[in-house]
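In what follows, a single structure is set out as structure tokens and then discussed.
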Number of protein chains: 2
Amino acid sequence: MVDIIGTLQREMDGLSRSEQRIANIVFDDRQFAVNASIIELAGRAEVSPPTVTRFCRRLGCQSFSEFKVRLAQSAFIGQRYDEPQSNASNAEEVVQTILTRAQSVLHNLNDQLDIPSIEQAADAIANAKMVYAFGSGGNSSLFAGEVQNRLFRLGLRAMATNDHSMQLMTASTVQEGDVVVGLSISGRNRELSRALEVASGYGAKIVTITKPQSLVAEATDVNIPIDLQEGKDVLRPSSARFAFLAAIDVVAHLVAIKRKDLAIEPLRRIKSQLVTFRDEDDSQPLGD
Amino acid sequence: MVDIIGTLQREMDGLSRSEQRIANIVFDDRQFAVNASIIELAGRAEVSPPTVTRFCRRLGCQSFSEFKVRLAQSAFIGQRYDEPQSNASNAEEVVQTILTRAQSVLHNLNDQLDIPSIEQAADAIANAKMVYAFGSGGNSSLFAGEVQNRLFRLGLRAMATNDHSMQLMTASTVQEGDVVVGLSISGRNRELSRALEVASGYGAKIVTITKPQSLVAEATDVNIPIDLQEGKDVLRPSSARFAFLAAIDVVAHLVAIKRKDLAIEPLRRIKSQLVTFRDEDDSQPLGD
DNA sequence: AAATTTATGTAAATTTTTTTCTTGATGATT
DNA sequence: AATCATCAAGAAAAAAATTTACATAAATTT
């Protein structure tokens, strides 16, 4: 299943002028594009229907209707992927901006995520004796916490630290078979990189999620690269968080699959504790 | 956004025999149904094309192609919602699944977010003397941390706690003008609800992000309702997190706008500390 | 059992989409 | 600068898909 919007963005340069006009309409108003007939779409793009057909073919679709189906399947609602410099001032606009940006980050991530490194990371973690998650500075400490939160449920021993000194000390105690997960948005966390090197020296496997070619990425056995520019608006919360959380989700989910039989029992136990302790509804997610 | 598969399941009884044959094919082989022409679909169901058209109309679609589009839209999500474990076994599919789900959660959130309550929450927080963020249990404690992480940057005094006893004790110390932010996915956190009531009794304003009509939502001055069902797959990470983080983002961003002049200086200070302490690149998000 | 409603197919009409063919533009080569 | 090749894009025709209108069969009600 290929992501048609991603394909379109990639192919954008190779399109002729008329085809780019069509593409822009598709980007701007997916709602319309999905529901329009070839004639309506052609009309709005001020091109002829055959041009639309050719446009679809160029994107690897066999027909216009196949294109529409694929477009409909790419469930992304983000209206515009280019950063609209936000001068959002009322709540409604802020909601739109934040949600669109979050979706757009996830969308970019889709093209960017490096499958082989994710597989390797999940493999290493699934077989780890102990997993340490290191991250500091608000965002990355949150990620580290999230790694722990995800993994302990799967019956793995996991511990998160956001304290540089603790990271360094912990790194000195690792054993063969342990995995250290290093998290950094910028990749410029010198203390983290030092801790990872120490842990590596003592035989731990180092998995990171960070900016490629960065300091932290260097100190790594497996890096899952994430490279997203943040906008300039200092007031705007950083949306890289969504990307990191999604990446952690993906790895955790893969670990869960790999550990399936090992993971079910701890999950069942956690759940039964929560349910008997709190209330009878068991359709809730694990852990509030 | 209407879920055509859900509609179909509900309407099943009201369908004629021929129409049920069509419905079964749609259920059994969505892949086929989404890509087939009306003639192919009619052929496979052994009915005539007009019967298919009538079938689409009965489901509230204006035409066959509208039906296909709606099916395609729900098919993608549906496949993954229905049988996530069987489907997602390799890394690529897991990536698709997680990202699609996250996006679809954000999409739902867009329809669901209650603007007035967000405005009120942001107002209360922007003018708070002190903000406490309470949440427990992995996910919500992460949210509480996030609230703190967002707000202290804006020059607000903020403190997050995930410890029930601490929440209760803290609640006893609040003063007029303080805001307590309560976070819970399920809304069934009895200890949290008690702590909120205590804090309310001592004059704090209570803001929550939680499921509407829930225990926690009751104990509230302003609730931002979030109500998302989680899938059944216990192995699958809960994607409600994306919704909560987005909601927190929105509120924090609004607070930032409301406090603009007050917020710029703390942000500048944090940034200059980080930059001089760490390195020269100042295009990075605040706090790794 | 007759009358009425409902379901469904056939055939025609309409709409949509694709193919074919032509024109005009652009650019490289002599 | 003239010629040729290539490509983009539309017009018109052809094909395909879809819908409408109508007719008949089946089911249900009276």
Side-chain angles (χ1 to χ4, degrees), chain A residues 4 7-74, chain B residues 2 4 7-75:
Chain A
I4 193 82
T7 311
L8 187 48
Q9 277 179 328
R10 269 194 309 283
E11 302 282 306
M12 201 64 178
D13 294 337
L15 298 180
S16 74
R17 204 154 325 131
S18 307
E19 288 170 337
Q20 291 193 357
R21 271 214 301 285
I22 301 170
N24 281 327
I25 287 170
V26 172
F27 283 135
D28 288 354
D29 195 348
R30 188 104 35 97
Q31 198 60 27
F32 168 80
V34 159
N35 293 302
S37 76
I38 197 171
I39 294 168
E40 291 166 328
L41 182 56
R44 182 136 155 202
E46 296 178 307
V47 301
S48 64
T51 302
V52 176
T53 297
R54 286 187 282 256
F55 167 82
C56 299
R57 298 257 160 89
R58 194 179 296 253
L59 264 52
C61 295
Q62 210 258 312
S63 67
F64 175 65
S65 70
E66 187 186 322
F67 168 75
K68 281 218 303 193
V69 164
R70 291 235 256 145
L71 190 61
Q73 283 177 333
S74 67
Chain B
V2 195
I4 194 83
T7 310
L8 188 47
Q9 269 163 343
R10 266 195 309 284
E11 301 281 305
M12 200 65 179
D13 295 337
L15 298 180
S16 74
R17 208 161 313 137
S18 306
E19 287 170 339
Q20 291 193 358
R21 271 213 303 284
I22 302 170
N24 282 326
I25 287 171
V26 172
F27 284 134
D28 289 354
D29 194 349
R30 240 177 277 176
Q31 198 59 31
F32 167 80
V34 160
N35 294 302
S37 74
I38 197 171
I39 293 168
E40 291 166 329
L41 182 55
R44 184 139 154 198
E46 296 178 306
V47 300
S48 65
T51 302
V52 176
T53 297
R54 286 187 282 256
F55 167 83
C56 299
R57 299 259 160 88
R58 196 178 297 250
L59 264 52
C61 296
Q62 212 259 311
S63 68
F64 176 66
S65 70
E66 186 186 324
F67 168 76
K68 280 219 303 195
V69 164
R70 292 234 256 145
L71 188 60
Q73 282 172 337
S74 70

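Lettering follows sequence order; numbering is per chain, from 1. Both backbone and side-chain heavy atoms feed into the values below; hydrogens, waters and symmetry mates do not.
- With rounding to whole Å, A:E19 atom CD is found 13 Å from D:dC7 atom P.
- Using a 4.0 Å cut-off, some side-chain N or O of A:S16 falls inside it from OP1 or OP2 of D:dA9.
- The distance between atom CZ of A:R58 and atom C1' of D:dA9, rounded to the nearest whole Å, is 12 Å.
- Across all strands, A:S65 comes closer than 4.0 Å to no nucleic acid atom at all (heavy-atom distances).
- For the segment residues 50-57 of chain A, the set of residues with a heavy atom within less than 4.0 Å of an atom of DNA chain C comprises A:P50, A:T53, A:R57, in numerical order.
- Side chains of A:F55 and A:L41 form no contact here, defined as non-hydrogen atoms less than 4.5 Å apart.
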Intermediate values then yes/no, side chain to side chain contact (heavy atoms under 4.5 Å, CB included), B:L15 and B:L8: CA-CA 9 Å; B:L15 298 180; B:L8 188 47; 4.1 Å; yes

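- The minimum heavy-atom distance between B:A72 and A:A72, with the atom names listed, is CB-CB, 3.7 Å.
- Protein atom CD of A:Q20 is 13 Å distant from nucleotide atom C1' of D:dA8, rounded to whole Å.
- Nucleotide D:dT30 is matched to C:dA1 when pairs are restricted to Watson-Crick or G-U wobble geometry with both distances under 3.5 angstrom.
- At least one side-chain heavy atom of A:R44 sits less than 4.5 Å from a side-chain heavy atom of A:D29.
- Within residues 35-47 of chain B, the residues approached by DNA chain C to less than 4.0 Å at the level of any non-hydrogen atom are B:E46, B:V47, in residue-number order.
- C:dT16 atom P lies 14 Å from atom CD of B:E66, rounded to whole Å.
- If you check every strand for non-hydrogen atoms under 4.0 Å, B:S48 touches a base.
- Contact check for B:N24 versus B:M12: side-chain heavy atoms found under the 4.5 Å cut-off.
- Spacing between atom CZ of B:R17 and atom P of C:dT8 amounts to 8 Å, rounded to whole angstrom units.
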Worked verdict on B:R58 versus B:E19 for salt bridge (charged side-chain N to carboxylate O under 4.0 Å, His left out): CA-CA 10 Å; B:R58 196 178 297 250; B:E19 287 170 339; 3.1 Å; yes

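- The interatomic distance linking A:R21 (CZ) with D:dA9 (C1') rounds to 10 Å, in whole Å.
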